[in-house]
Amino acid sequence: HSNGFLVKYSNNSGWISNVRAGSFTSQGNHIKSSTRLVAFNTDQAGGGMLGLTSVEPGSDGKWTVTVIPCHADLITDLDFSPFDDNLLATCSADETVKLWRVCEPEQEQPGGAEVTLCPGEGRLELVAFHPTSSGLLAVGSTKTAQLWDTSRQQSPLAALEPHGDQLQSLSWKQDGSLLASSCKDKKLRVFDPRAQLKPVQSAQGLQSNKDSRILWVKDSDHILTTGFDQMRGREVRLWDSRKLGSSLGSANLGTSNGTLMPLFDPDSGLLTVSGMGDSVIDCFEVSATEPFLSQVSHCLTEAPTRGVAMVPKLALDVLSCEVMRVLQLTDSFIVPINYHVPRKSGQEFHADLYPDTLGRTAAMSAAEWWKGGEKQEAPVRGCSTSSSPLSSPSSSAAPSRSPSSTSGLSSGFLPSPSQSAKAISSMLGPSSKFRHLQGAVLHRDTHFTNLKGLNLTTPGECDGFCANRHRVAVPLATAGGQIAIFELSQAGKLADTGLPTIQNSVNVADFSWDPFNSHRLVVAGDDAKIRVWQVPEGGLTETLTEPETILQGHTEKIYSVKFHPLASGLLASSSYDQTVRLWNLESGDEVKALRGHQDQIFGMAWSPDGKLLATVCKDGKLRIYDPRKSADPVQEGAGPEGHRGARVVWVCDGKYLMVSGFDSRSERTLYLHSVESLSSGAIASAPTDVSPSTLIPFYDPDTSVVILTGKGDTRVYIFEIVPEAPYFLECASFNSSEPHKGLAFLPKTECVVQEVEVARGLRLSKTSIEPVAFRVPRVRKEFFQDDVYPDTAVWWESSLTASAWLAGSDGKHQSISLKPKDMTPVSEAPKEVQVRKYLPSSHYLEEKTDEQKKDEVCVCVCVCVHCYYLN
């Protein structure tokens with residue numbers, strides 16, 4: 001369940017079996033679906049045989065799979081006609097295109113093709129039916145795209161200007177007027193085939209010559225591409241087809257070799273992306289403004305992907321509020337992945353989810369289109385009363401249109417008033433104003449690189465490393481529990497020679513900087529002792545071997561240590577001896593011992609006001625202590641069902657506890673508990689994914705945003721937590737190209753408010769430490785965004801001593817404003833006047849003479865010179 005959608009990855013009984021897919025080398029997606037049938041590549045007969053099955057199972061609940069001999073060589077691409085469920089086009093390395101009249105899989109299939117086309121361009125790679133005209137095909141060979149009218153088979157309607165290298169992808173605009181292509185020569189091209197055979201737009205757009213894909217975004221002038229950047233990272237880019245010189249925006253999806261296969265639903269503005277060989281399918285909302293990609297769901301699959309297809313809208317189960325269905329082709333199965341909007345399903349049709357969608361009748365013939373026809377197919381009305389909408393191939397009783405957004409905002413490509421922000425919000429419930437929060441790794445100059453010998457196997461209760469505003473502490477794998485200290489002011493490549501360290505003498509179990517003394521580091525060892533170290537001003541210049549203090553009292557190895565949020569020198573520690581002990585660092589004494597745990601203590605957290613301490617334990621219990629009143633818990637309640645590990649943090653002004661743990665099936669899950677009624681159990685939960693490491697939370701009380709990741713993960717989850725249903729509002733996640741070993745956060749004052757940065761983290765990898773800025777995209781960044789920057793607590797200054805707190809006093813942090821003196825709050829900013837952003841597309845697509853182009857350049861130069869002297 002993600003961002004308002006319920007993504008159903010069915011169990012094995014819902015998979016289509018008897019599939020022999022294999023791995024293919026071609027430009028196609030290897031699987032396509034009509035509203036009734038599914039065709040896919042098989043590894044039989046050298047890839048020349050096609051598999052065929054149905055979208056829905058038979059009356060016995062099972063699918064029939066058959067194979068059809070189609071070509072003498074590998075089938076490189078295939079496509080169903082948008083107007084005929086049974087008309088299938090295939091192209092092949094045998095240099096032919098064939099049209100097949102396929103039947104239901106349990107029936108006898110045709111003995112031969114209805115039509116065979118021979119473009120004479122060598123191996124063929126791509127085939128795509130025209131979206132509005134019957135019998136019109138775009139066919140891609142190694143370097144050339146041709147248009148064919150299947151009713152006249154002798155020669156093509158047009159052969160477009162050859163590409164400079166391997167043609168990688170073709171896509172028709174939804175109104176059928178333009179054809180876009182991507183190529184190994186890194187160029188993007190837009191053709192208007194009826195006007196000219198040369199591209200009307202062409203630009204060096206792609207970053208790499210590795211495999212790419214291109215798609216038109218609805219019926220707008222925007223194009224979406226997937227490919228690779230110069231560092232082999234996979235990326236998605238959005239372009240204005242009228243100005244291909246630079247992309248409107250991009251999103252990085254990590255480093256991998258598999259080609260990204262995008263599928264776009266024009267009704268909703270939703271994009272699914274799956275990499276060849278990957279075991280994950282991501283879903284995004286596409287918008288014309290930053291951020292142009294907002295993650296909706298992250299679906300982990302059980303087997304690597306060999307191909308993906310989107311089921312047409314008219315095949316969806318509208319009475320169960322299914323708004324999208326993707327078919328994943330694996331080596332042995334086809335796996336349906338269903339996207340639902342949570343509603344009461346049954347006999348009621350939810351018209352707000354399904355406005356009009358594209359119909360099934362061609363607007364014109366290929367010949368009419370070629371002569372300049374501009375007719376569009378009629379839409380299908382948004383109503384249905386049947387739970388089985390497809391009683392016949394031509395049925396138009398069950399349209400389907402999915403919501404554009406799980407974030408409460410309509411997509412930038414949805415002009416219909418019915419798809420307004422208000423309509424979407426009422427459809428899917430509330431959304432977070434931080435839903436588009438973006439994580440960005442800062443410039444390499446701020447990184448620590450060439451780190452060596454790090455201890456990457458710290459205990460599960462330890463965060464992996466820790467940081468304050470001045471320095472970072474990182475455990476090393478060398479004997480003697482050594483800890484390296486890096487000054488943040490001295491970032492750069494570290495020398496190969498040995499660094500001075502803290503020699504803790506025993507293995508490090510957990511460690512923490514004193515929030516009120518940036519030089520004091522507390523280290524818990526597996527010898528049941530806590531050592532307090534003092535780092536000199538300016539950092540380590542020589543190895544430290546003698547701690548300032550050693551705290552002794554625990555009888556077994558220590559799990560974790562946590563400083564009090566208000567009282568200076570007050571520390572809590574948990575141990576294998578099943579106790580939590582409080583220490584006064586000024587006197588070096590143990591001052592309290594809390595009991596009641598029956599097993600390993602996974603995590604503990606002080607309340608924001610410093611009065612209470614919460615713990616989560618392997619015995620399945622969540623406990624709250626009032627240490628000054630009792631050594632026993634004042635409240636107990638059920639914790640996570642899984643016993644692999646857990647963390648706890650106070651949220652929403654201390655009214656709730658958020659627990660990060662595992663459910664009974666070992667799925668990582670977030671739970672929310674009311675502090676007033678812990679015994680009632682969790683009031684809300686949010687499952688994330690399946691992974692062995694515990695999600696470690698960082699909570700920002702100013703925004704109520706929690707940022708979570710696990711050691712060894714590449715993904716960082718972000719949620720806003722609100723004190724009413726649905727409690728968890730998922731935001732866009734941050735993905736890194738390699739696994740991180742820890743994520744630590746700095747004080748709010750380290751954030752650059754001019755960039756609307758709400759959190760600054762440090763990411764630890766195998767060999768580096770990288771700053772990561774989490775920013776809220778805003779248009780008017782010249783103003784102070786006071787809606788996301790309330791006065792922040794000065795938590796790095798103590799408000800009382802440990803002795804005063806133990807004697808019964810309570811403290812409170814001071815608050816400060818983060819507003820720079822030279823910035824005006826956005827709440828006081830003048831209203832912005834809307835300005836038209838783009839000229840009509842005809843302005844960009846019209847052909848200009850060389851003299852016109854020279855005149856435009858001269859005008860631009862004159863304007864620039866004039867502006868220079870004015871400034």
Side-chain angles (χ1 to χ4, degrees), residues 454-467 473-477 481 483 504 506-513 515 521-531 551 553-564 571-583 593-606 613-623 625 639-640 642-650 657-662 666 668-671 691-699 706-713 740-745 764:
L454 303 186
N455 180 5
L456 303 177
T457 57
T458 51
E461 294 75 29
C462 176
D463 290 353
F465 78 124
C466 63
V474 183
L476 302 178
I483 300 172
N504 197 59
V506 295
N507 290 336
V508 176
D510 193 22
F511 54 129
S512 178
W513 289 107
L521 182 70
V522 167
V523 182
D526 58 10
D527 62 351
K529 296 177 183 177
I530 299 170
R531 291 167 174 82
L551 308 176
H554 283 296
T555 58
E556 294 187 51
K557 175 182 171 181
I558 297 169
Y559 291 124
S560 60
V561 287
K562 287 284 185 293
F563 274 97
H564 193 275
L571 182 75
S573 61
S574 63
S575 164
Y576 274 73
D577 62 18
Q578 297 180 7
T579 68
V580 172
R581 301 180 189 237
L582 305 190
W583 308 84
L594 309 180
R595 55 182 180 260
H597 299 94
Q598 306 299 315
D599 207 325
Q600 179 180 352
I601 302 166
F602 285 143
M604 57 183 177
W606 288 101
L613 182 73
T615 65
V616 59
C617 183
K618 192 176 181 179
D619 63 12
K621 293 289 183 65
L622 192 58
R623 295 175 173 87
Y625 290 86
H643 302 304
R644 303 184 68 165
R647 295 296 181 95
V648 61
V649 64
W650 298 73
L657 287 174
M658 194 211 76
V659 179
S660 160
F662 296 83
S666 295
R668 297 197 293 195
T669 304
L670 308 182
Y671 302 90
S691 184
S693 61
T694 306
L695 286 170
I696 301 169
F698 162 77
Y699 178 72
V706 64
I707 302 174
L708 310 102
T709 194
K711 287 183 280 187
D713 287 6
H740 37 250
K741 305 304 176 182
L743 190 64
F745 285 84
L764 176 68

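What you are looking at is a predicted structure, and each value in this text was computed from that prediction instead of being measured.
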* Asked: Can you tell me how far the CG atom of L594 sits from the CG atom of L582, to the nearest 0.5 Å?
  -> 5.0 Å

* Distance (rounded to the nearest 0.5 Å) between I558 CD1 and T579 OG1 -> 9.0 Å

* Asked: Would a distance-only check, ignoring hydrogens and angles, find a side-chain to backbone donor-acceptor pair under 3.5 Å from H643 to K618?
  -> yes

* State the NZ-CG distance between K557 and D510, to the nearest 0.5 angstrom. => 10.5 Å

* Asked: What heavy-atom pair brings A509 and C462 nearest, and what distance separates the two atoms?
  -> O-CB, 3.3 Å

* Return the minimal non-hydrogen interatomic distance between V659 and P640, and the atom names on each side. => CG1-CG, 3.6 Å

* Kindly indicate, with the supporting measurements, whether the criterion side chain to side chain contact (heavy atoms under 4.5 Å, CB included) is fulfilled by Q600 and E461. => CA-CA 10 Å; Q600 179 180 352; E461 294 75 29; 2.6 Å; yes

* Asked: Partners of T694 by side chain to side chain contact (heavy atoms under 4.5 Å, CB included), sequence neighbours excluded?
  -> R647, S660, F662

* Does a side-chain heavy-atom distance below 4.5 Å link F511 with N504? -> no

* **Closest non-hydrogen atom pair, H597 against R623** => CD2-NH1, 3.6 Å

* Asked: How many angstroms lie between atom CG of D577 and atom CZ of R595, to the nearest 0.5 angstrom?
  -> 13.5 Å

* Asked: Which atoms form the tightest heavy-atom contact between S512 and C466, and what is the distance?
  -> CA-SG, 4.2 Å

* Does K741 reach the side chain of L454, with side-chain heavy atoms less than 4.5 Å apart? -> no

* Structure fact -> Correct closest heavy-atom pair for M604 and A572 would be CE-O, 3.3 Å

* Please round to the nearest 0.5 Å and tell me the distance separating atom OH of Y671 and atom CG of L657. => 15.0 Å

* Asked: Taking N455 for the side chain and T457 for the main chain, is one N or O donor matched with an acceptor at less than 3.5 Å?
  -> yes

* What distance do Q598 atom CD and K621 atom NZ have between them, rounded to the nearest 0.5 Å? -> 8.0 Å

* Asked: Would you say the side chain of I696 lies within less than 4.5 Å of the side chain of L743, judging by non-hydrogen atoms?
  -> no

* Asked: Looking at side-chain heavy atoms only, is the closest gap between S666 and R644 below 4.5 Å?
  -> yes

* Close side-chain approach of S574 to T615, heavy-atom, < 4.5 Å -> no

* Would you indicate whether the side-chain heavy atoms of R668 and D713 approach each other to under 4.5 Å? => yes

* Which atom names give the shortest non-hydrogen contact between L613 and W650, and what distance separates them? -> C-CZ2, 4.4 Å

* Between L551 and L571, is any pair of side-chain heavy atoms under 4.5 Å apart? -> yes

* To do: Check whether any side-chain heavy atom of I530 sits under 4.5 Å from a side-chain heavy atom of R581, and report yes or no.
  => no

* Using the side chain to side chain contact (heavy atoms under 4.5 Å, CB included) rule, take V580 and I601 through it: C-alpha gap first, then chi angles, then the decisive distance, then the call. => CA-CA 9 Å; V580 172; I601 302 166; 3.9 Å; yes

